[in-house]
Amino acid sequence: MNGNNHLRILVLGAVLALGACAPAIHQRGHMVDPDDLAAIAPGKTTREDVAARLGTPSAVSTFDDKTWYYIGQVTEQVSFLDPEIRQQKVVRVVFDDRGVVQDVQTLGAEAARPVSPVDRQTPTYGRDMNVLEQLLGNIGRPSLPSNTR
């Protein structure tokens with residue numbers, strides 16, 4: 001091989017290596033279009049109008065159906081690294097008793113609060129068995145007939 005072929009192979013390898021590290025962009029949930037959001041007028045727009053314009057909400061309030069949430073997130077992931085949140089938006093639409101929009105809020109990533117999982121374990125009934133009991137536990141027990149397996 002001459003020097004020109006080595007250079008071509010090196011350039012091709014560099015292009016392939018850089019192409020493999022291109023970030024993957026993923027959109028999850030419902031990113032509300034700003035024009036659709038601007039069309040929702042508190043005091044005028046009904047629940048049916050919101051559903052027609054924005055679609056089905058991502059979540060509905062737990063205790064009543066007067067608050068709808070549209071939750072969306074855009075993440076970017078480079079190869080095997082953890083994904084990074086690039087954009088996060090939650091639109092909260094609150095309805096009154098008649099089903100008319102009372103309030104619309106857009107919340108970004110700055111409104112998010114971290115949630116720490118509890119490290120307790122849920123108790124289960126039964127008894128704890130050590131490894132030896134688990135290995136020797138079936139010795140002396142009759143086996144099931146072959147037609148029931």
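Counting begins at 1 with the first residue of the sequence.
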**Student:** Rounded to the nearest 0.5 Å, what separation is found between the OG1 atom of Thr75 and the CD atom of Gln87?
**Tutor:**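 One gets 11.5 Å once the value is rounded to the nearest 0.5 Å.
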**Student:** What about Ile71 and Leu107, same hydrophobic cluster or not, with Ile/Leu/Val/Met/Phe/Trp/Tyr joined at side-chain heavy-atom distances under 4.5 Å?
**Tutor:**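 They do share one cluster, since a chain of ILVMFWY contacts under 4.5 Å joins Ile71 to Leu107.
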**Student:** Are the side chains of Pro42 and Asp103 in touch, meaning some heavy atoms are under 4.5 Å apart?
**Tutor:**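 Counting from C-beta outward, Pro42 and Asp103 never come under 4.5 Å.
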**Student:** Evaluate the side-chain proximity of Val91 to Gln105: yes if any heavy-atom separation is below 4.5 Å, no if none is.
**Tutor:**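 No, every pair of side-chain atoms sits at 4.5 Å or beyond.
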**Student:** Is Asp97 salt-bridged to Lys66, cutoff N-O under 4.0 Å?
**Tutor:**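 A salt bridge links Asp97 with Lys66.
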**Student:** Does the side chain of Thr106 reach to within under 4.5 Å of the side chain of Lys89, using non-hydrogen atoms?
**Tutor:**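 Yes; the side chains approach each other to less than 4.5 Å.
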**Student:** Test your reading of the model: is there a side-chain donor-acceptor pair from Tyr70 to the backbone of Gly29, 3.5 Å cut-off?
**Tutor:**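 No, the answer is negative, given that no donor and acceptor are paired below the 3.5 Å cut-off.
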**Student:** Would Arg47 and Phe95 count as a cation-pi pair here, with the cationic atom under 6.0 angstrom from the ring centre and within 45° of the axis?
**Tutor:**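 Satisfied, under 6.0 Å and within 45°.
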**Student:** Are Val93 and Val60 connected, step by step, through hydrophobic side chains (Ile, Leu, Val, Met, Phe, Trp, Tyr) whose heavy atoms are closer than 4.5 Å?
**Tutor:**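 As far as the 4.5 Å side-chain criterion goes, Val60 and Val93 are connected within one cluster.
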**Student:** Are any of the side-chain heavy atoms of Val101 and Thr46 separated by less than 4.5 Å?
**Tutor:**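 In short, these two side chains do not touch, never coming nearer than 4.5 Å.
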**Student:** Examine distances only and state if a side-chain atom of His30 and a backbone atom of Leu54 form a donor-acceptor pair shorter than 3.5 Å.
**Tutor:**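 Yes, because the side chain of His30 sits within donor-acceptor range (under 3.5 Å) of the backbone of Leu54.
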**Student:** Do Met31 and Val90 land in one hydrophobic cluster if side-chain heavy atoms of ILVMFWY residues count as linked below 4.5 Å?
**Tutor:**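 Hydrophobic grouping puts Met31 apart from Val90.
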**Student:** Can you measure from CZ (Arg92) to OG (Ser61) and round to the nearest 0.5 angstrom?
**Tutor:**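 Between atom CZ of Arg92 and atom OG of Ser61 there are 9.5 Å.
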**Student:** Atom CZ of Arg86 and atom CD of Gln77: how far apart are they, to the nearest 0.5 Å?
**Tutor:**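 Rounded to the nearest 0.5 Å, the CZ-CD separation comes out at 11.5 Å.
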**Student:** Please determine whether residues Trp68 and Leu37 belong to a single hydrophobic cluster, defined as Ile, Leu, Val, Met, Phe, Trp and Tyr linked transitively by side-chain heavy-atom distances below 4.5 Å.
**Tutor:**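 Yes, same cluster.
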**Student:** Keeping the roles fixed (side chain from Glu48, backbone from Ala52), state whether a donor-acceptor pair exists under 3.5 Å.
**Tutor:**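 Looks like no, no N/O pair under 3.5 Å.
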**Student:** Enter the distance from Ile25:CD1 to Glu76:CD here, rounded to the nearest 0.5 Å.
**Tutor:**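 Going from CD1 on Ile25 over to CD on Glu76, the span is 4.0 Å.
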